[in-house]
Amino acid sequence: MGRTGAVLHNQLASAVNESTSDMRRWERVIIGIDPGTNVMGYGVLGVCGKKPEVVSLGAVKFRAVESHYLRLRRIHESVLGLVERFLPDEMAIEAPFFGKNVQSMLKLGRAQGVAMVAALSRDVPITEYEPRKIKMAITGNGASSKEQVQEMLRRILGMERSALPAELDASDALAAALCHFYESSRPQRSGAPKSWKEFIARNPGKII
């Protein structure tokens, strides 16, 4: 390894160590990913008790990379870097939107798959959410615009407008993370018994 490479390696190691130390103050860390081959958004939430706070959000651009396959590699590297930096306990990822353009759907599906593989390689569990479900969780309207989602996120999480990245992909990713926080924080319901035998097993005191 040359001197430049060694310096870069040491800087990376130092940055990861600093992030690792800082992330320990959270009880739970959720990373949201909005996959894309042109721009990939990410948002990180730190949770203490029942209160989520924004740790980081931003977007990684791949437009300068001409090859679609090299973009997939950059996506993998970017997600892996984010995982190693923020040490998330869970990942929430926006599921591909099924449109009429088959080629766009294929590329988006590949981007999502590569991002998922990067997280799974570090044993980070993943949950997918449809765009409509994310919007419903944040704004109460599954047909909300990206701008409306961003504004509601800003209000819920107490963010300054100046702290919001220009790319709406970043707020979409943060919305996925917050949606996952809401969904996973709900009390689990056991559901209705599927048979009389199961009802008796659950309620022995009610049978005379």
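No hydrogens, no waters, no symmetry mates; every other heavy atom, side chains included, goes into these values. These numbers come from a predicted model, not from an experiment.
- No more than 12 heavy atoms of other residues, nucleotides or ligands shown are found within 6.0 angstrom of NZ on Lys133.
- Within the 3.5 Å criterion, the main-chain N or O of Val65 finds a donor-acceptor partner in the side chain of Arg71.
- No continuous path of hydrophobic side-chain contacts links Leu174 to Val29 [ILVMFWY only; heavy atoms under 4.5 Å].
- With hydrogens and angles ignored, the 3.5 Å screen pairs no side-chain donor or acceptor of Glu94 with any backbone N or O of Pro131.
- Of all non-hydrogen atoms in Gly43 and Ala173, the two that sit nearest each other are N-CB, 3.6 Å.
- Counting only heavy atoms from C-beta outward, the side chains of Ser171 and Val149 never approach each other to under 4.5 Å.
- Closest approach of Tyr42 and Ser56 over heavy atoms only: CE1-OG, 3.8 Å.
- Taking 4.5 Å as the limit, some side-chain heavy atom of Ile33 sits within range of a side-chain heavy atom of Met91.
- Residues Ile156 and Ile138 form a side-chain contact, since some pair of their non-hydrogen atoms from C-beta on lies under 4.5 Å apart.
- Closest heavy-atom contact between Leu45 and Pro52: CD1-CB, 4.3 Å.
- For Glu130, the CD atom is loosely surrounded, since the number of other residues' heavy atoms within 6.0 Å does not exceed 12.
- Between the SG atom of Cys179 and the CG atom of Asp172 there is a distance of 12.0 Å, given to the nearest 0.5 Å.
- Side chain of Asn38 to backbone of Arg63: no donor-acceptor contact under 3.5 angstrom is found.
- Counting heavy atoms from C-beta on, the side chains of Gln148 and Lys135 never come closer than 4.5 Å.
- Using a 4.5 Å heavy-atom cutoff, the side chains of Val114 and Val79 are not in contact.
- Rounding to the nearest 0.5 angstrom, the gap separating the CD atom in Glu77 from the CG atom in Leu70 is 9.5 Å.
- When side chains are defined from C-beta on, Glu151 counts as touching Arg155, because their heavy atoms get closer than 4.5 Å.
- Summarising the geometry, atom CE belonging to Met159 is positioned 5.0 Å from atom CG belonging to Leu57; distances are rounded to the nearest 0.5 Å.
- Following chains of ILVMFWY side-chain contacts shorter than 4.5 Å, one can reach Val124 starting from Val55, so the two form part of one hydrophobic cluster.
- Remark: Gln150 CD to Leu168 CG distance equals 5.0 Å, nearest 0.5 Å.
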Item to complete: Could you walk me through whether Arg110 and Tyr69 pass the side-chain contact (heavy atoms from CB on, under 4.5 Å) test, one step at a time?
Response: CA-CA 10 Å; Arg110 286 174 175 173; Tyr69 304 105; 4.3 Å; yes

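- Pairing each heavy atom of Leu108 with each of Pro35, the nearest pair is CD1-O, 3.2 Å.
- In terms of hydrophobic clustering, with Ile, Leu, Val, Met, Phe, Trp and Tyr side chains grouped at heavy-atom distances under 4.5 Å, Val39 and Ile31 are assigned to different clusters.
- Hydrophobic clustering, with ILVMFWY side chains joined whenever heavy atoms are under 4.5 angstrom apart, groups Ile93 together with Phe62.
- Here the side chains of Val47 and Asp89 are not in contact, with every heavy-atom distance at 4.5 Å or above.
- Within the model, atoms CE of Met40 and CD1 of Ile75 stand 7.0 Å from one another, a figure rounded to the nearest 0.5 Å.
- Between Gly46 and Trp26 the shortest heavy-atom distance is C-CE3, 3.3 Å.
- Atom OH of residue Tyr129 and atom CG of residue Leu178 lie 10.5 Å apart, to the nearest 0.5 angstrom.
- Across all non-hydrogen atoms, the minimal contact from Gly58 to Ala170 is O-CB, 3.2 Å.
- A continuous path of hydrophobic side-chain contacts links Phe86 to Val60 [ILVMFWY only; heavy atoms under 4.5 Å].
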